[in-house]
Amino acid sequence: MIKKSIWIYHLNTGGCNGCDIEIIDVLTPFHDAERLGVKLVGSPRHADVILLTGPITRQSMEKAINAITAAPDPKFIVAIGSCACGGGIWYDSYATVGGIEAFYKILRERGVKPPKVIYVPGCPPRPEAILHALAYFKGLASKKIKKRVFVEK
Amino acid sequence: MVSEALSFILQLLIFPGFLFIICLAFFSEWVLRKFVARIQNRMGPTYTGSGGILQPFADFIKLLGKEDIVPAFAERTYFTLTPLLCLTLPLTALFILPMTGHRALISFEGDLIFLAFIFTTLTIMVFLGGFLSGSVFSMVGGVRAATQLLGYEIPFLLALFGPAIPASSLSISKISTWQAQNNAWGLWTQPIGFGVLVICLLAELELLPFDIPEAETEIVAGWNVEFTGRRLALVRLGRDVELVLASTILADLYLGGPQQVWIIPPIIIFLAKMFACLLLIGYLKTLFARFRIDQVLSGMWKYVIPAAMIQFIILKLIW
Ligand code: SF4
(Lines give C-alpha, C1' and ligand atoms only; values in the text may rest on other atoms or scores of the structure.)
Protein backbone atom coordinates (compact mmCIF):
# COMPACT_ATOMS: atom_id res chain seq x y z
CA MET A 1 0.00 0.00 0.00
CA ILE A 2 2.96 2.28 0.53
CA LYS A 3 3.10 2.41 -3.25
CA LYS A 4 -0.15 4.36 -3.44
CA SER A 5 0.58 6.93 -0.81
CA ILE A 6 4.12 8.06 -0.10
CA TRP A 7 4.58 10.52 2.71
CA ILE A 8 8.02 12.03 2.65
CA TYR A 9 10.09 13.57 5.40
CA HIS A 10 12.87 15.89 4.39
CA LEU A 11 16.08 15.36 6.36
CA ASN A 12 18.99 17.68 5.64
CA THR A 13 22.19 16.41 7.21
CA GLY A 14 24.48 19.30 6.36
CA GLY A 15 23.98 19.69 2.63
CA CYS A 16 24.58 22.99 0.86
CA ASN A 17 20.80 23.49 0.29
CA GLY A 18 21.09 22.82 -3.43
CA CYS A 19 19.38 19.45 -3.18
CA ASP A 20 16.79 20.82 -0.78
CA ILE A 21 15.71 23.44 -3.28
CA GLU A 22 15.32 20.72 -5.89
CA ILE A 23 13.11 18.78 -3.46
CA ILE A 24 10.97 21.88 -3.00
CA ASP A 25 10.81 22.03 -6.78
CA VAL A 26 9.34 18.53 -6.87
CA LEU A 27 6.59 19.52 -4.46
CA THR A 28 5.63 22.89 -5.92
CA PRO A 29 3.02 23.31 -8.67
CA PHE A 30 5.19 22.76 -11.74
CA HIS A 31 6.11 19.16 -10.95
CA ASP A 32 3.41 18.61 -8.28
CA ALA A 33 4.33 15.32 -6.65
CA GLU A 34 0.87 15.18 -5.02
CA ARG A 35 -0.32 13.67 -8.31
CA LEU A 36 1.47 10.49 -7.24
CA GLY A 37 0.05 10.66 -3.72
CA VAL A 38 3.23 12.16 -2.32
CA LYS A 39 2.82 14.41 0.67
CA LEU A 40 5.40 16.32 2.67
CA VAL A 41 4.99 15.72 6.39
CA GLY A 42 6.66 17.60 9.20
CA SER A 43 7.23 14.78 11.64
CA PRO A 44 9.35 11.64 11.07
CA ARG A 45 6.67 9.74 12.98
CA HIS A 46 4.31 10.18 10.01
CA ALA A 47 6.85 9.41 7.30
CA ASP A 48 7.18 6.48 4.91
CA VAL A 49 10.14 7.73 2.93
CA ILE A 50 12.97 9.85 4.27
CA LEU A 51 14.63 12.09 1.72
CA LEU A 52 18.18 12.41 3.00
CA THR A 53 20.41 15.13 1.63
CA GLY A 54 23.93 16.17 2.57
CA PRO A 55 27.07 14.23 3.52
CA ILE A 56 25.98 13.59 7.16
CA THR A 57 28.28 15.83 9.15
CA ARG A 58 29.42 14.66 12.57
CA GLN A 59 27.32 17.46 14.11
CA SER A 60 24.12 16.25 12.50
CA MET A 61 24.72 12.49 12.75
CA GLU A 62 23.09 11.97 16.15
CA LYS A 63 20.00 13.91 15.12
CA ALA A 64 19.80 12.02 11.84
CA ILE A 65 19.92 8.70 13.73
CA ASN A 66 17.15 9.96 16.05
CA ALA A 67 14.99 10.95 13.12
CA ILE A 68 15.50 7.66 11.31
CA THR A 69 14.75 5.55 14.37
CA ALA A 70 11.66 7.67 15.07
CA ALA A 71 10.10 6.75 11.72
CA PRO A 72 7.76 3.76 11.86
CA ASP A 73 8.36 0.61 9.81
CA PRO A 74 8.11 -0.01 6.86
CA LYS A 75 10.37 2.90 5.94
CA PHE A 76 12.74 3.72 3.13
CA ILE A 77 15.50 6.21 2.55
CA VAL A 78 16.14 8.07 -0.67
CA ALA A 79 19.70 9.39 -0.70
CA ILE A 80 19.56 12.55 -2.77
CA GLY A 81 22.65 14.19 -4.26
CA SER A 82 26.27 13.12 -4.59
CA CYS A 83 26.84 14.11 -0.98
CA ALA A 84 24.31 11.67 0.43
CA CYS A 85 25.17 8.91 -2.05
CA GLY A 86 28.87 8.76 -1.35
CA GLY A 87 30.06 11.84 0.44
CA GLY A 88 30.56 13.93 -2.68
CA ILE A 89 33.59 16.19 -2.52
CA TRP A 90 33.62 15.74 1.26
CA TYR A 91 34.04 11.99 1.08
CA ASP A 92 37.29 12.04 3.12
CA SER A 93 36.72 15.13 5.24
CA TYR A 94 37.22 14.79 8.99
CA ALA A 95 34.00 16.68 9.64
CA THR A 96 31.65 14.37 7.79
CA VAL A 97 30.77 10.73 8.05
CA GLY A 98 30.99 10.56 4.27
CA GLY A 99 27.84 9.35 2.64
CA ILE A 100 25.12 6.85 3.37
CA GLU A 101 27.26 3.68 3.27
CA ALA A 102 29.58 4.83 6.04
CA PHE A 103 26.51 6.06 7.91
CA TYR A 104 24.87 2.65 7.60
CA LYS A 105 28.00 1.05 9.04
CA ILE A 106 27.62 3.28 12.10
CA LEU A 107 23.90 2.45 12.30
CA ARG A 108 24.66 -1.28 12.27
CA GLU A 109 27.26 -0.84 15.01
CA ARG A 110 24.58 0.81 17.15
CA GLY A 111 22.19 -2.05 16.51
CA VAL A 112 19.73 -0.08 14.38
CA LYS A 113 18.45 -1.99 11.37
CA PRO A 114 19.11 0.34 8.44
CA PRO A 115 16.22 0.83 6.03
CA LYS A 116 16.45 0.08 2.33
CA VAL A 117 18.00 2.90 0.35
CA ILE A 118 17.50 4.28 -3.15
CA TYR A 119 20.24 6.42 -4.66
CA VAL A 120 19.63 9.57 -6.66
CA PRO A 121 23.06 10.90 -7.69
CA GLY A 122 23.73 14.36 -9.10
CA CYS A 123 24.90 17.65 -7.67
CA PRO A 124 22.14 18.62 -7.33
CA PRO A 125 19.94 16.01 -9.06
CA ARG A 126 17.27 17.38 -11.34
CA PRO A 127 13.72 17.40 -9.95
CA GLU A 128 12.83 14.90 -12.66
CA ALA A 129 15.40 12.52 -11.18
CA ILE A 130 13.83 12.81 -7.73
CA LEU A 131 10.39 12.26 -9.24
CA HIS A 132 11.84 9.23 -11.03
CA ALA A 133 12.96 7.81 -7.69
CA LEU A 134 9.47 8.34 -6.27
CA ALA A 135 7.91 6.79 -9.37
CA TYR A 136 10.26 3.83 -8.91
CA PHE A 137 8.53 3.20 -5.58
CA LYS A 138 5.18 3.12 -7.31
CA GLY A 139 6.45 0.70 -9.93
CA LEU A 140 5.84 3.30 -12.61
CA ALA A 141 9.51 3.53 -13.65
CA SER A 142 12.47 1.18 -13.66
CA LYS A 143 15.99 1.63 -12.29
CA LYS A 144 18.31 3.72 -14.43
CA ILE A 145 21.80 3.26 -13.05
CA LYS A 146 24.04 0.47 -11.82
CA LYS A 147 26.28 0.52 -8.82
CA ARG A 148 29.96 1.06 -9.60
CA VAL A 149 32.58 1.49 -6.91
CA PHE A 150 35.51 3.78 -7.58
CA VAL A 151 38.73 2.93 -5.77
CA GLU A 152 41.40 5.59 -5.41
CA LYS A 153 44.92 4.31 -6.19
CA MET B 1 -41.59 -3.53 16.51
CA VAL B 2 -38.76 -5.85 15.55
CA SER B 3 -38.67 -4.60 11.98
CA GLU B 4 -38.66 -1.04 13.29
CA ALA B 5 -35.66 -1.74 15.49
CA LEU B 6 -33.95 -3.54 12.63
CA SER B 7 -34.45 -0.65 10.26
CA PHE B 8 -33.16 1.75 12.89
CA ILE B 9 -30.01 -0.34 13.31
CA LEU B 10 -29.57 -0.50 9.55
CA GLN B 11 -29.98 3.25 9.35
CA LEU B 12 -27.45 3.72 12.12
CA LEU B 13 -24.86 1.45 10.51
CA ILE B 14 -25.29 2.04 6.81
CA PHE B 15 -27.45 4.91 5.59
CA PRO B 16 -27.38 7.67 6.75
CA GLY B 17 -25.21 6.36 9.54
CA PHE B 18 -21.70 5.09 9.98
CA LEU B 19 -20.79 3.77 6.52
CA PHE B 20 -22.32 6.67 4.62
CA ILE B 21 -20.59 9.24 6.82
CA ILE B 22 -17.19 7.56 6.51
CA CYS B 23 -17.51 7.39 2.71
CA LEU B 24 -18.64 11.01 2.68
CA ALA B 25 -15.64 11.96 4.80
CA PHE B 26 -13.17 10.33 2.41
CA PHE B 27 -14.95 11.83 -0.56
CA SER B 28 -14.99 15.31 0.91
CA GLU B 29 -11.28 15.11 1.70
CA TRP B 30 -10.67 14.26 -1.95
CA VAL B 31 -12.90 17.12 -3.09
CA LEU B 32 -11.09 19.54 -0.83
CA ARG B 33 -7.63 18.39 -1.92
CA LYS B 34 -8.54 18.57 -5.58
CA PHE B 35 -10.16 21.98 -5.15
CA VAL B 36 -7.21 23.43 -3.25
CA ALA B 37 -4.84 22.00 -5.86
CA ARG B 38 -6.79 23.59 -8.70
CA ILE B 39 -6.71 26.97 -6.95
CA GLN B 40 -2.94 26.62 -6.55
CA ASN B 41 -2.61 25.72 -10.24
CA ARG B 42 -1.75 22.09 -9.46
CA MET B 43 -3.35 18.79 -10.42
CA GLY B 44 -3.89 17.27 -7.00
CA PRO B 45 -4.02 13.47 -6.58
CA THR B 46 -4.42 11.92 -10.01
CA TYR B 47 -3.28 8.32 -10.28
CA THR B 48 -5.00 6.51 -7.39
CA GLY B 49 -8.39 5.44 -8.69
CA SER B 50 -10.05 7.53 -11.37
CA GLY B 51 -8.92 11.11 -10.85
CA GLY B 52 -7.26 10.18 -7.57
CA ILE B 53 -10.60 9.62 -5.87
CA LEU B 54 -9.22 6.75 -3.79
CA GLN B 55 -6.26 8.73 -2.47
CA PRO B 56 -7.64 9.47 1.04
CA PHE B 57 -8.69 5.83 1.33
CA ALA B 58 -5.21 4.68 0.24
CA ASP B 59 -3.64 6.95 2.86
CA PHE B 60 -5.92 5.45 5.50
CA ILE B 61 -5.16 1.83 4.58
CA LYS B 62 -1.44 2.53 4.42
CA LEU B 63 -1.45 4.10 7.88
CA LEU B 64 -3.29 1.08 9.29
CA GLY B 65 -0.41 -1.13 8.15
CA LYS B 66 2.36 0.89 9.72
CA GLU B 67 4.24 0.26 12.93
CA ASP B 68 2.50 1.47 16.07
CA ILE B 69 4.88 3.39 18.35
CA VAL B 70 4.09 4.63 21.85
CA PRO B 71 6.76 7.12 22.92
CA ALA B 72 8.49 6.43 26.22
CA PHE B 73 7.25 9.67 27.81
CA ALA B 74 3.66 9.37 26.63
CA GLU B 75 0.70 8.72 28.92
CA ARG B 76 -0.47 5.46 27.42
CA THR B 77 -4.18 5.65 28.24
CA TYR B 78 -4.76 9.11 26.86
CA PHE B 79 -2.47 8.44 23.94
CA THR B 80 -4.83 5.64 22.92
CA LEU B 81 -8.02 7.41 23.93
CA THR B 82 -7.49 10.67 22.06
CA PRO B 83 -7.52 9.26 18.49
CA LEU B 84 -10.60 7.16 19.30
CA LEU B 85 -12.49 10.13 20.69
CA CYS B 86 -11.29 12.32 17.83
CA LEU B 87 -13.22 10.00 15.52
CA THR B 88 -16.23 9.05 17.64
CA LEU B 89 -17.19 12.52 18.88
CA PRO B 90 -17.77 14.07 15.43
CA LEU B 91 -19.48 10.86 14.30
CA THR B 92 -21.89 11.08 17.23
CA ALA B 93 -22.54 14.71 16.43
CA LEU B 94 -23.41 13.83 12.84
CA PHE B 95 -26.17 11.48 14.02
CA ILE B 96 -28.12 14.39 15.49
CA LEU B 97 -27.92 16.50 12.34
CA PRO B 98 -30.65 15.99 9.74
CA MET B 99 -29.30 14.69 6.43
CA THR B 100 -31.91 12.68 4.59
CA GLY B 101 -35.16 14.23 5.73
CA HIS B 102 -36.69 16.66 8.16
CA ARG B 103 -35.82 14.49 11.12
CA ALA B 104 -32.31 13.52 12.09
CA LEU B 105 -31.46 9.94 13.02
CA ILE B 106 -31.58 10.88 16.68
CA SER B 107 -33.27 14.11 17.57
CA PHE B 108 -34.51 15.55 20.82
CA GLU B 109 -35.27 18.99 22.19
CA GLY B 110 -31.94 20.56 23.12
CA ASP B 111 -29.58 18.68 20.86
CA LEU B 112 -28.03 22.00 19.85
CA ILE B 113 -26.56 22.17 23.36
CA PHE B 114 -25.27 18.64 22.94
CA LEU B 115 -23.54 19.75 19.72
CA ALA B 116 -21.85 22.66 21.48
CA PHE B 117 -20.74 20.29 24.22
CA ILE B 118 -19.19 17.92 21.67
CA PHE B 119 -17.24 20.71 20.02
CA THR B 120 -15.72 21.86 23.30
CA THR B 121 -14.90 18.29 24.31
CA LEU B 122 -13.10 17.79 21.00
CA THR B 123 -10.80 20.71 21.65
CA ILE B 124 -10.13 19.51 25.17
CA MET B 125 -9.29 16.05 23.81
CA VAL B 126 -6.87 17.70 21.39
CA PHE B 127 -5.29 19.55 24.26
CA LEU B 128 -4.98 16.42 26.40
CA GLY B 129 -3.64 14.32 23.55
CA GLY B 130 -1.02 16.92 22.74
CA PHE B 131 -0.09 17.58 26.31
CA LEU B 132 0.25 13.95 27.33
CA SER B 133 2.11 12.55 24.34
CA GLY B 134 5.35 13.65 25.88
CA SER B 135 6.98 15.69 23.15
CA VAL B 136 7.83 19.38 23.35
CA PHE B 137 6.22 20.12 20.00
CA SER B 138 2.97 18.34 20.79
CA MET B 139 2.82 20.10 24.16
CA VAL B 140 3.13 23.50 22.51
CA GLY B 141 0.50 22.44 19.96
CA GLY B 142 -1.92 21.31 22.67
CA VAL B 143 -1.49 24.49 24.66
CA ARG B 144 -2.04 26.54 21.52
CA ALA B 145 -5.24 24.63 20.77
CA ALA B 146 -6.53 25.39 24.27
CA THR B 147 -5.51 29.04 24.01
CA GLN B 148 -7.28 29.38 20.68
CA LEU B 149 -10.41 27.96 22.29
CA LEU B 150 -10.55 31.04 24.54
CA GLY B 151 -10.81 33.14 21.41
CA TYR B 152 -13.43 31.40 19.31
CA GLU B 153 -15.60 29.69 21.90
CA ILE B 154 -17.92 32.61 22.70
CA PRO B 155 -18.66 33.82 19.14
CA PHE B 156 -19.02 30.19 18.06
CA LEU B 157 -21.71 29.54 20.64
CA LEU B 158 -23.46 32.83 19.87
CA ALA B 159 -23.53 32.04 16.15
CA LEU B 160 -24.60 28.47 16.82
CA PHE B 161 -27.59 29.53 18.91
CA GLY B 162 -28.58 32.42 16.65
CA PRO B 163 -30.85 30.37 14.35
CA ALA B 164 -32.61 28.94 17.38
CA ILE B 165 -34.26 32.27 18.20
CA PRO B 166 -36.52 32.75 15.13
CA ALA B 167 -37.40 29.05 15.10
CA SER B 168 -37.92 29.20 18.91
CA SER B 169 -36.60 25.69 19.33
CA LEU B 170 -33.33 24.15 20.47
CA SER B 171 -33.63 21.11 18.24
CA ILE B 172 -31.56 21.18 15.06
CA SER B 173 -34.13 19.23 13.07
CA LYS B 174 -36.87 21.70 14.02
CA ILE B 175 -34.67 24.71 13.19
CA SER B 176 -33.83 23.45 9.72
CA THR B 177 -37.41 22.42 9.05
CA TRP B 178 -38.64 25.85 10.14
CA GLN B 179 -36.15 27.55 7.83
CA ALA B 180 -37.05 25.33 4.89
CA GLN B 181 -40.81 25.78 5.38
CA ASN B 182 -40.80 29.54 5.90
CA ASN B 183 -38.16 30.09 3.24
CA ALA B 184 -36.19 32.14 5.75
CA TRP B 185 -32.70 30.77 5.43
CA GLY B 186 -30.35 31.84 8.20
CA LEU B 187 -28.01 33.09 5.53
CA TRP B 188 -30.51 35.84 4.57
CA THR B 189 -32.01 36.61 7.97
CA GLN B 190 -28.69 36.72 9.86
CA PRO B 191 -25.74 37.09 7.46
CA ILE B 192 -23.32 38.33 10.14
CA GLY B 193 -23.97 35.19 12.16
CA PHE B 194 -23.14 33.06 9.12
CA GLY B 195 -19.81 34.84 8.67
CA VAL B 196 -18.97 34.48 12.34
CA LEU B 197 -19.83 30.78 12.29
CA VAL B 198 -17.63 30.19 9.23
CA ILE B 199 -14.69 31.94 10.90
CA CYS B 200 -15.15 29.99 14.13
CA LEU B 201 -15.49 26.67 12.31
CA LEU B 202 -12.23 27.37 10.49
CA ALA B 203 -10.63 27.92 13.89
CA GLU B 204 -12.26 24.82 15.34
CA LEU B 205 -11.09 22.65 12.44
CA GLU B 206 -7.59 24.14 12.63
CA LEU B 207 -7.68 25.07 8.96
CA LEU B 208 -5.36 27.54 7.43
CA PRO B 209 -5.76 31.01 8.82
CA PHE B 210 -6.06 29.34 12.22
CA ASP B 211 -3.90 26.22 11.88
CA ILE B 212 -1.78 27.47 14.75
CA PRO B 213 -1.98 24.24 16.82
CA GLU B 214 -0.68 22.24 13.84
CA ALA B 215 1.63 24.86 12.28
CA GLU B 216 3.93 22.59 10.30
CA THR B 217 6.58 25.18 9.68
CA GLU B 218 6.85 26.21 13.33
CA ILE B 219 6.15 23.26 15.58
CA VAL B 220 6.55 20.28 13.21
CA ALA B 221 3.03 18.83 13.25
CA GLY B 222 1.67 20.33 16.44
CA TRP B 223 -0.39 18.23 18.78
CA ASN B 224 -0.39 15.10 16.57
CA VAL B 225 3.37 14.96 16.15
CA GLU B 226 3.81 11.68 18.03
CA PHE B 227 0.91 9.71 16.55
CA THR B 228 1.87 6.89 14.20
CA GLY B 229 0.14 4.10 12.34
CA ARG B 230 -3.40 3.27 13.42
CA ARG B 231 -3.64 6.21 15.80
CA LEU B 232 -2.69 8.69 13.09
CA ALA B 233 -5.16 7.03 10.72
CA LEU B 234 -7.96 7.55 13.25
CA VAL B 235 -6.94 11.14 13.91
CA ARG B 236 -6.93 11.92 10.20
CA LEU B 237 -10.26 10.22 9.61
CA GLY B 238 -11.62 12.18 12.56
CA ARG B 239 -10.45 15.39 10.92
CA ASP B 240 -12.28 14.44 7.73
CA VAL B 241 -15.45 13.62 9.64
CA GLU B 242 -15.13 16.98 11.39
CA LEU B 243 -14.93 18.63 8.00
CA VAL B 244 -18.21 16.97 7.04
CA LEU B 245 -19.64 17.97 10.41
CA ALA B 246 -18.69 21.62 9.92
CA SER B 247 -20.24 21.82 6.45
CA THR B 248 -23.32 19.97 7.68
CA ILE B 249 -23.80 22.44 10.52
CA LEU B 250 -23.57 25.34 8.09
CA ALA B 251 -26.02 23.66 5.71
CA ASP B 252 -28.50 22.69 8.43
CA LEU B 253 -28.49 25.78 10.61
CA TYR B 254 -28.05 28.49 8.00
CA LEU B 255 -29.10 27.06 4.64
CA GLY B 256 -32.32 25.28 5.53
CA GLY B 257 -30.92 21.76 5.54
CA PRO B 258 -32.52 18.93 3.56
CA GLN B 259 -35.72 20.06 1.86
CA GLN B 260 -37.79 18.69 -0.95
CA VAL B 261 -37.65 20.90 -4.03
CA TRP B 262 -40.01 19.87 -6.80
CA ILE B 263 -39.22 16.13 -7.30
CA ILE B 264 -35.58 16.21 -6.23
CA PRO B 265 -35.15 14.13 -3.05
CA PRO B 266 -33.98 15.97 0.09
CA ILE B 267 -30.67 14.11 0.30
CA ILE B 268 -29.52 15.53 -3.07
CA ILE B 269 -30.41 19.08 -2.02
CA PHE B 270 -28.65 18.52 1.27
CA LEU B 271 -25.49 17.21 -0.41
CA ALA B 272 -25.46 20.17 -2.79
CA LYS B 273 -25.71 22.59 0.14
CA MET B 274 -23.09 20.67 2.12
CA PHE B 275 -20.57 20.66 -0.68
CA ALA B 276 -21.17 24.36 -1.33
CA CYS B 277 -20.22 25.00 2.31
CA LEU B 278 -17.25 22.65 1.99
CA LEU B 279 -15.95 24.53 -1.02
CA LEU B 280 -16.44 27.84 0.79
CA ILE B 281 -14.32 26.51 3.66
CA GLY B 282 -11.72 25.20 1.21
CA TYR B 283 -11.62 28.51 -0.62
CA LEU B 284 -11.02 30.49 2.58
CA LYS B 285 -8.39 27.95 3.64
CA THR B 286 -6.39 28.46 0.46
CA LEU B 287 -6.77 32.21 0.42
CA PHE B 288 -5.20 33.09 3.75
CA ALA B 289 -1.85 32.72 5.46
CA ARG B 290 -1.49 31.75 9.09
CA PHE B 291 -2.09 34.26 11.89
CA ARG B 292 -0.06 34.41 15.06
CA ILE B 293 -1.75 33.17 18.22
CA ASP B 294 -1.91 36.66 19.76
CA GLN B 295 -3.39 38.07 16.55
CA VAL B 296 -6.10 35.42 16.64
CA LEU B 297 -7.00 36.13 20.26
CA SER B 298 -7.07 39.91 19.94
CA GLY B 299 -8.84 39.75 16.57
CA MET B 300 -11.50 37.43 17.93
CA TRP B 301 -12.15 39.56 21.02
CA LYS B 302 -11.99 42.89 19.18
CA TYR B 303 -13.99 42.14 16.04
CA VAL B 304 -15.65 38.73 15.93
CA ILE B 305 -17.27 38.70 19.39
CA PRO B 306 -18.78 42.22 18.96
CA ALA B 307 -20.06 41.20 15.52
CA ALA B 308 -21.69 38.08 16.96
CA MET B 309 -23.25 40.14 19.77
CA ILE B 310 -24.60 42.77 17.38
CA GLN B 311 -26.19 39.98 15.34
CA PHE B 312 -27.75 38.58 18.49
CA ILE B 313 -29.14 41.96 19.51
CA ILE B 314 -30.60 42.59 16.04
CA LEU B 315 -32.23 39.17 16.16
CA LYS B 316 -33.71 39.88 19.58
CA LEU B 317 -35.11 43.22 18.35
CA ILE B 318 -36.76 41.67 15.28
CA TRP B 319 -38.13 38.50 16.84
S1 SF4 C 1 24.97 17.02 -3.68
FE2 SF4 C 1 25.63 19.03 -4.36
S3 SF4 C 1 23.78 20.28 -4.25
FE4 SF4 C 1 23.39 18.47 -3.03
S5 SF4 C 1 23.94 19.01 -0.96
FE6 SF4 C 1 25.75 18.08 -1.87
S7 SF4 C 1 26.94 19.80 -2.71
FE8 SF4 C 1 24.84 20.55 -2.30
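Computed from heavy atoms alone, side chains included, the values below leave out hydrogens, waters and symmetry copies. Letters A, B, ... mirror the listed sequences (proteins, then strands); counts begin at 1. Because the structure is predicted, anything quoted here is derived from the model rather than measured.
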Flag if over 12 foreign heavy atoms under 6.0 Å of CZ, B:Arg230: no
Evaluation steps, salt bridge (charged side-chain N to carboxylate O under 4.0 Å, His left out), between A:Asp48 and B:Lys66: CA-CA 9 Å; A:Asp48 307 308; B:Lys66 295 212 53 136; 2.6 Å; yes
OH/A:Tyr104: more than 12 non-hydrogen atoms of other groups inside 6.0 Å: yes
More than 12 heavy atoms of other groups within 6.0 Å of B:Phe131 CZ: no
Neighbour count >12 (heavy atoms, 6.0 Å) for atom CZ, B:Phe79: yes
From OG (A:Ser5) to CG (B:Leu63), nearest 0.5 Å: 6.5 Å
A:Asp73 backbone acceptor or donor facing B:Glu67 side chain under 3.5 Å: yes
Side chain, backbone, both or neither of B:Arg236 within contact of chain A (heavy atoms, under 4.5 Å): side chain
Stacked cation flag B:Lys62 on A:Trp7, 6.0 angstrom / 45 deg: yes
Distance (rounded to the nearest 0.5 Å) between B:Phe227 CZ and A:Ser43 OG: 11.0 Å
Residue, of A:Pro44, A:Ala33, A:Gly37, that accumulates the most heavy atom pairs under 4.5 Å with chain B: A:Gly37
Shortest non-hydrogen separation from B:Gly65 to A:Pro74 and the atoms involved: O-CD, 4.3 Å
Residue among B:Thr46, B:Asn224, B:Asp68, B:Leu64 with most heavy-atom pairs under 4.5 Å to chain A: B:Thr46
Residue of the set B:Thr228, B:Val225, B:Leu232 for which side-chain contact (heavy atoms from CB on, under 4.5 Å) holds with A:Arg45: B:Thr228
Greater than 12 external heavy atoms within 6.0 Å of B:Tyr78's OH: no
Heavy-atom contact with chain B under 4.5 Å, split by part of A:Ala47: backbone
Neighbours of chain A found in residues 29-45 of chain B - heavy atoms under 4.5 Å: B:Arg33, B:Gln40, B:Asn41, B:Arg42, B:Met43, B:Gly44, B:Pro45
